[in-house]
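Taking it in order: structure first as structure tokens, then the write-up.
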Amino acid sequence: MLRGFYQRAILKNKIMASNDEQNQLQILRHSAAHVLAAAVLRLFPDAKYDIGPATENGFFYDFDLPRSLTEKDLTAIEAEMQSIIAANEPFERMEVSRATARQKMQALHQSYKCERLDAIPEGEVISLYKTGDFLDLCHGPHVKSTGCIKAFKLLSIAGCYYRGDETRQQLQRIYGTAFASQQDLDQYLQRMEQAKERDHRKLGVKLNLFLIDSLVGQGLILWTPKGTILRKQLQSFLEEELDKQGYDQVITPHIGKLDLFKVSGHYPYYKDSQFHPIWDRECIERAVDQAQSLDEIKERVRDKMDIDGFLLKPMNCPMHVRLYASQKRSYRELPLRLAEFGTVYRWEQSGELGGLTRVRGFTQDDAHIFCREDQVAGELKGCLKLINIIFTTLGMSDYRVRISLRDPASDKYIGDSALWEKSEQALRDAAKQLDKPSTEAIGEAAFYGPKLDFIVRDVLGREWQLGTIQIDYNLPYRFKINYVGSDNQPHVPIMIHRAPFGSMERFCGLLIEHFGGDFPLWLAPEQVRLLPIKDTCIAYADEVYALLKQAKIRCSVDDRAETLNSKIRSAESDKIPYVCIVGEKEQSAHSVSIRSRCQPHSNGTYPIEQLITLLRNEIDQRLLPEAFKGKKA
RNA sequence: GCCGGCUUAGCUCAGUGGUAGAGCUCCCGAUUUGUAAUCGGAUGGUCGUCAGUUCAAGUCUGACAGUCGGCUCCA
């Protein structure tokens with residue numbers, strides 16, 4: 001099965017085929033990929049080429065080359081491409097038999113192409129495309145000739161596995177992009193540059209929100225005082241909603257006995273994605289005493305099975321299940337909704353870590369709903385409502401919903417088939433509430449149940465899963481939990497896992513990019529900065545500060561011996577929502593002069609009391625900044 | 001984990017195998033300013049770490065770490 005980037009590229013192609021202009025661009029880009037391959041072959045006659053599809057914003061082509069490419073090679077390849085384009089060679093299509101295609105590709109020693117040929121189903125038309133000396137197995141279509149490619153640029157080199165399979169040959173992938181005109185290309189490149197300025201990793205440093213410290217460890221986030229305010233505001237917001245929806249909050253530890261995770265099945269099944277367990281001292285001693293050789297000890301460490309100890313929790317659910325199981329439950333008290341901002345730890349591969357979006361320790365806004373079968377649909381609706389409130393409040397409308405279903409052909413799923421169908425339908429029905437296009441993804445379900453995933457893009461266009469709602473048939477059975485029904489008989493409850501933010505870290509990362517650092521007032525770490533015009537006004541500024549502080553507004557006084565212009569510049573660059581200038585005029589009128597982020601040039605003067613009312617209203621209603629109004633989901 | 005790039009002051013970055021640099025920040029003076037950068041001074045470095053080549057390494061080589069772009073993975 002195709003995975004990752006290529007799979008997304010194919011999907012995108014299918015979606016975009018409906019749009020003619022986009023379709024033309026796709027053809028142009030795919031043709032540019034052919035030119036790229038032709039150029040690489042001129043420079044590396046021994047190169048083997050694999051595939052070169054168009055992607056959402058460009059194209060790539062995969063090669064097996066005698067040496068590693070560097071950025072410098074791209075210039076040479078681009079020059080070669082230019083010469084092919086200048087020659088204006090036509091793209092010639094030839095429909096051939098499978099045998100002919102095979103013979104031609106074998107003659108060129110193109111083993112990857114031969115394997116790709118084998119993968120084409122019987123009965124499909126097989127076509128070759130020829131441009132100059134370059135021959136490619138390709139379904140097409142293409143532009144008329146290489147001269148049609150007016151504007152392109154090679155962007156980067158990356159390693160990739162043949163057919164996305166990490167056990168196979170690693171190839172070199174060259175990424176590039178092409179547009180109908182140089183102007184479009186320049187615009188795109190400029191947009192990308194601007195996007196980098198919004199990158200949460202860059203803004204995180206600039207606005208001093210969080211820190212990743214190599215001495216602390218990769219993928220482990222240190223939240224600064226400012227970042228902590230942001231995160232805690234989000235948490236309080238969610239806590240208010242949880243309270244409205246009848247959740248109970250709980251707190252559970254960061255580690256638990258290995259036995260707990262053996263019962264849940266997380267250990268050792270997912271042991272490669274977990275931090276190494278903390279072995280009991282006696283267990284280590286026993287292992288050493290009993291082992292005949294060092295190899296045997298090594299084996300034990302590797303297997304990690306026959307040991308006792310503790311595990312940094314990779315998930316919160318087992319602990320919540322134990323809370324459920326601690327009492328005899330009646331059908332009358334269901335649904336029981338246990339929520340926790342629970343920090344979990346997972347051993348992500350080092351190459352995958354980055355910023356706040358992929359980390360090794362993160363806090364889920366987790367909750368587990370234990371309910372009866374007849375309550376599932378209602379509970380799902382509640383979850384969706386929560387997610388809708390969150391996205392609407394934050395003005396995030398650019399997300400997609402994936403309904404992750406089981407693959408009926410696979411036997412990896414547990415649970416009753418009728419129950420699956422019922423749940424899958426319940427998820428579909430619930431998803432309709434969101435008024436968002438949703439896609440069904442067969443085979444994306446967890447082995448223990450179907451789920452709804454909420455997926456957003458970062459500034460660089462990469463997709464990330466945020467919230468998730470999952471139905472679980474597994475854990476209630478593994479932990480043998482039940483409730484007493486109206487028939488006085490024990491019944492197994494159904495469990496719903498749900499996390500609207502997903503991970504606080506990832507969510508904050510995407511939120512920083514979403515707002516470009518210009519947070520709504522209620523989230524801004526520093527809401528107001530008071531700028532006294534000269535030293536003699538500092539006392540008045542302090543007076544205003546005390547009043548704002550009393551109204552629980554986060555503010556500061558910039559009392560540096562700097563010019564007003566300099567202080568304004570600092571405040572703007574720190575993205576302070578409201579800058580209040582206080583001088584003699586303001587002091588005598590007991591007012592401030594407001595310079596707001598959204599309207600920097602309307603210098604309204606407001607009495608202090610009015611300012612406080614204004615700000616409190618904006619905070620309490622969690623209003624979006626002006627720039628985001630009308631963008632509500 | 002795999003392929004490749006990058007790592008110089010708190011930040012952004014210069015630096016031809018031959019004495020370690022700039023701007024901003026921070027600190028100290030002076031300036032008291034009305035809506036996006038006042039002036040001057042001082043501090044700040046094991047050039048990611050450890051080896052190697054060389055008379056000489058920030059610069060060349062290797063290993064490791066971190067980071068970036070992908071790939072793989074993501075309960």
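Here is the naming used below: chain letters follow the sequence lines, and residue numbers restart at 1 for every chain. Quantities reported herein were computed from a predicted structural model and do not represent experimental measurements. All heavy atoms count here, side chains included; hydrogens, waters and symmetry mates do not.
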- Query: Side-chain N or O of A:Arg173 less than 4.0 angstrom from OP1 or OP2 on B:G69?
  - Reply: no

- Item | Nucleotide B:C73, atom P - distance to NZ of A:Lys271 in whole Å | 18 Å

- Message: Can you check the distance between B:U61 and B:A75, where both ends of the measurement are the P atom (answer in whole Å)?
- Response: 41 Å

- Message: Under 4.0 Å, counting only non-hydrogen atoms across every strand here, what does A:Tyr448 touch: a base, just sugar-phosphate, or nothing?
- Response: sugar-phosphate

- Note on the structure: note: A:Tyr175, atom OH; B:C68, atom C1'; distance rounded to Å ~ 14 Å

- Message: Should the side chain of A:Arg358 and the base of B:C73 be counted as holding a donor-acceptor pair, with the cut-off at 3.5 Å?
- Response: yes

- Validation row, ring centre A:Tyr112 to ring centre A:Tyr162 under 6.0 Å: yes

- If you draw a 6.0 Å radius around OH in A:Tyr188, do more than 12 non-hydrogen atoms from other residues or ligands fall strictly inside? yes

- Any donor-acceptor N or O pair under 3.5 Å, side chains A:Ser570, A:Arg560: yes

- No-H, no-angle donor-acceptor pair, A:Tyr161 side chain to B:G70 base, under 3.5 Å: no

- Tell me which nucleotide among B:G34, B:G1, B:A75 gets nearest to the side chain of A:Gln349. B:G1

- Under-4.0 Å side-chain N/O to phosphate OP1/OP2 contact, A:Arg569 with B:U33: no

- Who does B:G44 pair with, Watson-Crick or G-U, both distances under 3.5 Å? none

- Message: Going by salt bridge (charged side-chain N to carboxylate O under 4.0 Å, His left out), name the residues that satisfy it together with A:Lys196, two or more places apart in sequence or in a different chain.
- Response: A:Glu193

- Query: When the distance from CG of A:Asp366 to P of B:A75 is rounded to whole Å, what number comes out?
  - Reply: 14 Å

- Task: For B:U67 versus B:U8, give the span between their P atoms, rounded off to a whole number of Å.
- Result: 14 Å

Report all interatomic pairs (protein N or O, nucleotide N or O of nucleotides 3-6 of chain B) with separations under 3.5 Å.
| unit_1 | atom_1 | unit_2 | atom_2 | d |
| --- | --- | --- | --- | --- |
| B:C3 | O4' | A:Gln170 | OE1 | 3.0 |
| B:C3 | O2 | A:Gly159 | N | 3.1 |
| B:G4 | OP1 | A:Ser68 | OG | 3.0 |

- Item | Between P of B:G10 and CG of A:Leu211, the distance in whole Å | 13 Å

- Query: How many Å lie between NZ on A:Lys206 and P on B:U12, as a whole number?
  - Reply: 12 Å

- Query: For B:G34, which nucleotide in any strand shown is its Watson-Crick or wobble partner with both distances under 3.5 Å?
  - Reply: none

- Out of B:A36, B:C26, B:G69, which nucleotide sits closest to the side chain of A:Arg560? B:C26

- NZ/A:Lys575: more than 12 non-hydrogen atoms of other groups inside 6.0 Å: yes

Sort me out a list of protein N/O and nucleotides 38-49 of chain B N/O pairs below 3.5 Å, or just none if empty.
| unit_1 | atom_1 | unit_2 | atom_2 | d |
| --- | --- | --- | --- | --- |
| B:U38 | OP1 | A:Glu562 | OE1 | 3.3 |
| B:U38 | OP1 | A:Thr563 | OG1 | 3.4 |
| B:U38 | OP2 | A:Thr563 | OG1 | 2.8 |
| B:U38 | O4 | A:Ala561 | O | 3.4 |

- Across all strands shown, which nucleotide pairs with B:U59 by Watson-Crick or G-U wobble geometry, both distances under 3.5 Å? none

- Item | Qualifying residues under ring pair (Phe, Tyr, Trp, His ring centres under 6.0 Å), relative to A:Phe501, sequence neighbours excluded | A:Phe507

- Derivation and outcome, ring-ring contact (aromatic ring centres under 6.0 Å, His included), residues A:Tyr175 and A:Phe60: CA-CA 4 Å; A:Tyr175 281 97; A:Phe60 65 79; 5.5 Å; yes

- Integer angstrom distance from the P of B:G18 to that of B:G58: 10 Å

- Between A:Lys451 and A:Glu444, does at least one N-O distance fall below 4.0 Å, as a salt bridge requires? no

- Task: Could you list by number each residue of residues 527-542 of chain A showing a heavy-atom separation from RNA chain B of less than 4.0 Å, or answer none if no residue does?
- Result: A:Ile533, A:Lys534, A:Asp535

- Spacing of the P atoms in B:C60 and B:C27 (rounded, Å): 38 Å

- Applying a 3.5 Å limit to both distances, which nucleotide forms a Watson-Crick or G-U wobble pair with B:A65? B:U7

- Reckon A:Lys567 touches a base, only the sugar-phosphate, or nothing at all at heavy-atom distances under 4.0 Å? nothing

- Send over the distance from A:Asp199 CG to B:U12 C1', rounded to a whole Å. 16 Å

- Task: Locate the shortest heavy-atom distance separating A:Ile533 from A:Gly583; write the atom from each residue and the value.
- Result: CD1-CA, 3.9 Å

- Query: What do you reckon, are the aromatic ring centroids of A:Phe63 and A:Tyr61 less than 6.0 Å apart?
  - Reply: yes

- Message: So does A:Phe341 get a backbone contact from the side chain of A:Gln364, meaning a donor-acceptor N/O pair under 3.5 Å?
- Response: no

- Item | Pairwise P distance, B:A22 and B:A14 [rounded to whole Å] | 16 Å

- Query: Quick one: do A:Arg67 and A:Asp73 make a salt bridge, cutoff under 4.0 Å?
  - Reply: yes

- B:U67 P sits how many Å from A:Lys202 NZ, rounded? 18 Å

- Query: With a cut-off of 6.0 Å (strictly less than), are more than 12 heavy atoms of other residues, nucleotides or ligands near CZ of A:Arg322?
  - Reply: no

- So what does A:Leu460 hit on the nucleic acid, given a heavy-atom distance under 4.0 Å: a base, only sugar-phosphate, or nothing? sugar-phosphate

Pick out the pairs of N or O atoms, protein on one side and nucleotides 64-66 of chain B on the other, that lie under 3.5 Å.
| unit_1 | atom_1 | unit_2 | atom_2 | d |
| --- | --- | --- | --- | --- |
| B:G66 | OP1 | A:Gln218 | OE1 | 2.8 |

- Any salt bridge between A:Glu463 and A:Arg400, counting N to O under 4.0 Å? yes

- Looking only at atom P, what distance separates B:C6 and B:G10, rounded to whole Å? 23 Å

- Between A:Phe447 and A:Ile568, whichever has its closest RNA chain B nucleotide further toward 5' is A:Ile568

- Message: Looking at B:U12, which nucleotide sits across from it as a Watson-Crick or G-U wobble partner, both distances under 3.5 angstrom, or is there none?
- Response: B:A22

- If you measure from the C1' atom in B:C13 to the same atom in B:U7, how many Å do you get, rounded? 13 Å

- Message: Side chain of A:Glu348, heavy atoms from C-beta onward: which of B:G69, B:C73, B:G34 has the nearest atom to it?
- Response: B:C73

- Round to a whole Å and report the spacing from NZ of A:Lys196 to C1' of B:G69. 10 Å

- Message: Using the P atom as the point on both nucleotides, what is the distance between B:C11 and B:C68, in whole Å?
- Response: 15 Å

- Query: So what does A:Gln169 hit on the nucleic acid, given a heavy-atom distance under 4.0 Å: a base, only sugar-phosphate, or nothing?
  - Reply: nothing

- Query: Has A:Arg360 got its NZ or CZ under 6.0 Å from the middle of the six-membered ring of A:Trp347, at an angle within 45 degrees of the ring axis?
  - Reply: yes

- Verify, without hydrogens or angle tests, whether A:Asn208 (side chain) and A:Val205 (backbone) share a donor-acceptor contact under 3.5 angstrom. no

- Describe the nucleic acid contact of A:Arg346 in one word from base, sugar-phosphate, nothing, applying a heavy-atom distance below 4.0 Å. base

- Query: Between B:G70, B:C73, B:U35, which nucleotide has the shortest distance from any of its atoms to the side chain of A:Arg462?
  - Reply: B:G70

- Task: Check the pair A:Tyr473 / A:Tyr448 against ring-ring contact (aromatic ring centres under 6.0 Å, His included), numbers first and verdict last.
- Result: CA-CA 6 Å; A:Tyr473 310 126; A:Tyr448 52 75; 8.7 Å; no

